[in-house]
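Structure first, then comments.
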Amino acid sequence: MKNISKYLGAALLLFCAACSKTQEGTYYTPNKDDSKQIHFIQSSIEKEFAQDAESGIINVEIARTGSKGTYKVFLAQKGNDSALFSIPSEATFEDGEHSVTVPVQVDLSNFVMGSSYKTTLMISGREANPGDDGAQVSQFTDKVTLSASYELTWEPYMRIDGSGEEIQQLATYHYSLYYTGRDSGLEVEKAVGANIFRLKDWASGVTFKFIVHDDNTCTVPAQSIGYFNSNYNEYVFVADMAVYTGSDSAYASYPCTFDGKDTFSFYLIYYVSGGYFAQGKETLVFDSEADTTPTVDIEYLGIEATPTGFKSAKLRFSPNSYARSYKATVVEGDISGDKKLQDQVRQQLIDDTYEGPVPVMTLNGEDESVWNVPRGSYTAVALAYDSVSNPCGLYSKRFTCDPDNDFAVKVNEFKFYAPTDLPGYSPYNTLVWEMQTANVVKMKYLCVKSGVADYLCEALGMSLEELTVSRGYDIDPEIIAAINSEEGRATTFSPLDQGSGYVLALQMTNAYGDTAFVSKTASTYGYFASDFDQTKNMEDFLGAFSASATITAGSNDIAGNFRIDITRVNDRDVIIRGMSDMRDFAPQISGYYDAEKHMIIIEPQSAGMYGQNYAVLGFSDGISIYWGGNSMAIGYIGDKLYWASSPYAEKPVESYMFLLFSSPQTTGANYLREYVGSRSYSAISMVPLKLAPAAASQAAPVKARTQAIEAAGRSFPSYLPNDTALPAAKASARAAQAPAAAVQAAGKTLRTDLTLHTR
């Protein structure tokens with residue numbers, strides 16, 4: 001019997017009542033408000049083509065309410081796959097016709113089996129004089145989404161159950177991204193003649209297709225999840241990262257795999273044309289018969305003292321119900337990753353010839369005991385026997401017996417802070433790292449902005465420790481030796497962005513492979529709107545100023561200087577010229593003087609043309625880019641003017657840039673994901689030009705030592721410490737606490753906290 005654990009949010013329930021599972025649009029019914037408009041007959045059309053076809057046609061019908069006169073409409077299209085669809089530039093209604101059929105050519109030569117490709121066809125304009133009884137249309141008044149794919153023949157995917165009967169394969173899908181929870185009892189189907197599978201009744205009632213390759217890697221082609229997101233007027237699509245980015249190299253970082261038995265792990269991204277909502281791992285498990293293999297779980301429970309005061313390693317052996325008995329012992333050293341040594345030990349246990357540091361014990365049930373083993377690295381092993389006393393698998397668990405804590409990683413000192421009394425270093429762009437440890441032989445570290453760390457953990461589906469291990473950097477043995485010394489070692493991260501938070505995470509390993517993880521956060525000093533001088537008036541903000549800023553162009557930072565002029569428009573409004581250091585771009589920006597807060601406020605706005613594109617002043621918090629809702633403030637601290645997040649900003653603002661759009665409409669679909677000169681401006685300060693030093697016009701390189709860390713097609717800086725070591729204070733003991741484990745909620749629900757990340 002099918003067992004579905006599915007709980008849908010209100011928004012999804014409303015949607016389900018309004019659309020079909022096949023995503024075919026409802027027929028258009030004119031009403032009094034739009035009865036004069038030209039319109040498409042359907043809002044979406046899906047068509048499948050024969051597998052041997054290299055091209056095809058999708059016929060789209062456009063209707064009008066009248067029939068008199070000859071009349072033209074002009075067509076446009078948009079979408080990532082639009083190059084695969086060829087549309088005519090116009091369509092003509094002949095006199096007496098209520099509708100016209102538009103043939104859309106589809107290039108199938110580059111289609112991938114199982115993938116769905118789409119474009120959106122729009123009415124972009126009409127003839128100026130439609131004539132009597134002609135229809136009228138406003139720009140993009142209606143549109144139709146076209147989807148094309150290869151035709152596949154599906155049949156139930158069958159398996160043999162424990163009684164030898166052939167039954168249809170069922171599966172359980174574990175959601176964690178656009179939905180959360182799970183669906184069980186999903187029927188599995190397979191395409192005839194191909195290793196392409198699909199789940200029926202997945203997500204919003206549609207199918208979910210995936211391809212399994214000979215090497216047990218998988219592909220999840222682009223496909224609709226069946227949910228129409230009214231905020232973006234599109235169906236949400238899902239795909240794996242390689243399909244989404246168009247590069248197979250993405251599988252190296254975002255794999256999709258099959259374990260060869262029953263479990264599929266997919267790294268997926270949920271998106272619309274303007275960006276993506278969520279990405280990470282989701283799991284599919286094929287239902288199977290109960291595994292009757294005898295197994296023994298082994299746990300190392302740490303060091304425990306016996307009633308006589310003897311301290312040693314405590315081990316727990318837990319056989320399953322299919323293990324009648326098992327032989328348990330302890331092997332010197334680490335054999336957990338050595339198949340050859342494991343086979344030797346297994347055979348010796350079978351032959352009763354094994355000799356080791358402790359005797360071999362034959363046990364029948366769960367056992368939890370202190371084992372008398374010397375100090376050092378060991379592997380606990382257990383050989384399971386089945387119900388008829390046949391030897392089965394050997395199970396192992398490595399551990400370190402360290403009664404006096406002599407071998408464990410020790411973190412005696414770990415500091416991460418902005419220096420306030422360190423000559424030559426500014427707390428506004430420097431953080432100091434001090435550390436003293438013991439027993440560390442390997443160390444990985446990661447230093448990124450705190451917001452970037454949160455974003456990467458969510459985007460990659462990793463904890464901070466997992467992120468550090470997979471994307472962190474190894475520390476040289478010479479530096480580890482200094483950190484292990486009695487004095488420890490200190491160094492700096494510089495230059496960093498002012499007023500920004502950073503996280504420094506470290507994973508340390510001892511000689512036996514035991515690990516410890518620690519992390520700390522710290523912030524550089526910054527200038528904030530709350531610190532602005534409340535005695536300044538509008539006249540103090542007018543004139544010519546020498547501006548200093550950190551200008552980020554691609555991966556390079558420079559300390560730039562340029563002139564900014566602020567002029568009065570009236571008692572409230574001002575014009576700001578010169579916010580760019582580029583010779584071919586001189587934007588004129590409007591601002592206003594806030595008399596209550598004694599500062600100038602600047603909001604997102606048009607900044608004129610740059611080439612053929614439209615420039616818009618936008619802001620960034622270091623993770624996301626905003627062209628609405630945020631603002632910056634200019635105010636005095638001492639004799640200087642500083643730029644900071646305004647008191648009205650919805651999100652913290654670290655920098656500004658001039659974003660490029662393909663049209664005057666500032667939407668995610670029109671944003672070109674570029675900005676003028678690839679430049680962003682942060683840490684901006686100004687002094688009146690007459691007071692600026694002569695050397696202020698010279699730009700000096702201040703490039704930070706960084707590496708790139710990537711996720712979802714985006715790149716962020718990961719900071720490297722400077723080479724120069726600082727004197728470190730003698731260590732004092734400090735304990736590190738592990739973060740609390742996250743708890744996952746049960747039941748599949750539509751997530752309501754998703755926001756669109758622009759690409």
Side-chain angles (χ1 to χ4, degrees), residues 259-263 285 288-409 465 509-517 738 741:
D259 69 355
K261 185 180 179 183
D262 54 20
T263 302
V285 181
S288 60
E289 301 300 316
D291 189 353
T292 60
T293 303
T295 63
V296 181
D297 290 332
I298 307 174
E299 295 178 80
Y300 170 61
L301 302 179
I303 301 299
E304 185 167 308
T306 65
T308 62
F310 173 75
K311 293 192 300 182
S312 191
K314 188 173 186 178
L315 300 171
R316 177 189 291 141
F317 295 87
S318 303
N320 67 3
S321 60
Y322 303 106
R324 180 177 181 179
S325 63
Y326 59 96
K327 291 181 179 179
T329 191
V330 172
V331 179
E332 189 172 1
D334 181 6
I335 71 166
S336 58
D338 192 323
K339 182 66 167 56
K340 184 177 180 180
L341 280 177
Q342 289 182 28
D343 289 343
Q344 290 178 2
V345 171
R346 178 179 181 275
Q347 191 60 49
Q348 290 171 351
L349 290 174
I350 293 172
D351 298 338
D352 292 326
T353 60
Y354 176 76
E355 295 183 0
V358 299
V360 177
M361 299 181 65
T362 299
L363 303 168
N364 296 312
E366 181 174 301
D367 182 83
E368 186 176 304
S369 306
V370 175
W371 288 67
N372 184 10
V373 295
R375 298 190 315 158
S377 177
Y378 295 91
T379 304
V381 297
L383 175 63
Y385 285 81
D386 64 16
S387 60
V388 292
S389 298
N390 291 319
C392 299
L394 182 78
Y395 299 88
S396 63
K397 175 70 175 181
R398 197 209 70 80
F399 67 95
T400 301
C401 184
D402 189 12
D404 300 316
N405 207 30
D406 295 326
F407 309 129
V409 171
E465 181 175 5
T509 307
N510 69 3
Y512 294 142
D514 303 311
T515 62
F517 175 76

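Quick caveat, the model's predicted, so the values are computed rather than measured.
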Check whether T379 reaches the backbone of I335 with its side chain - one donor and one acceptor, N or O, closer than 3.5 Å. yes
Give a yes-or-no answer on whether the side chains of T295 and N320 include a donor-acceptor pair shorter than 3.5 Å. yes
Could you check whether any side-chain N or O of D404 sits under 3.5 Å from a backbone N or O of D406, counting only pairs where one atom can act as donor and the other as acceptor? no
Test: D297 and K397 ion pair at under 4.0 Å: no
A side-chain contact here means heavy atoms from C-beta on lying under 4.5 Å apart; do K327 and D352 qualify? yes
Give a yes or no on this: more than 12 heavy atoms of other residues, nucleotides or ligands lie within 6.0 Å of atom CD of E366. yes
Calculate, to the nearest 0.5 Å, the distance between atoms CG and CD belonging to L394 and Q347 respectively. 11.0 Å
Taken in chain and number order and not counting sequence neighbours, the residues that satisfy side chain to side chain donor-acceptor pair (under 3.5 Å) with S312 are none
Tightest non-hydrogen contact, residues Y354 and V330, listed as OH-O, 3.4 Å
Would you say the side chain of T329 lies within less than 4.5 Å of the side chain of V358, judging by non-hydrogen atoms? yes
When you compare the side chain of S389 with that of R324, does any pair of heavy atoms fall below 4.5 Å? yes
Exam field: side chain K314 to backbone E304, donor-acceptor pair closer than 3.5 Å: no
Once ring pair (Phe, Tyr, Trp, His ring centres under 6.0 Å) is applied, what residue pairs with a partner in residues 360-402 remain, sequence neighbours excluded? Y300-F399, F317-W371
Would you list the pairs meeting ring pair (Phe, Tyr, Trp, His ring centres under 6.0 Å) in which at least one residue belongs to residues 321-341, sequence neighbours left out? none
To the nearest 0.5 angstrom, please state how far the CD1 atom of I298 sits from the OG atom of S336. 10.5 Å
Is a side-chain N or O of D514 found less than 3.5 angstrom from the main chain of A408, in a donor-acceptor match? no
Keeping D259 on the side-chain end and D262 on the backbone end, is there a donor-acceptor pair under 3.5 Å? yes
Please check if the side chain of R346 supplies one atom and the backbone of C392 the other of a donor-acceptor pair under 3.5 Å. yes
Minimum-distance pair of heavy atoms, taken over all atoms of K311 and A305: CG-CB, 3.6 Å
Looking at CD1 of I303 and CZ of R375, how far apart are the two atoms once the value is rounded to the nearest 0.5 Å? 10.5 Å
Where do G513 and R398 come nearest, in terms of heavy atoms and distance? C-NH2, 4.3 Å
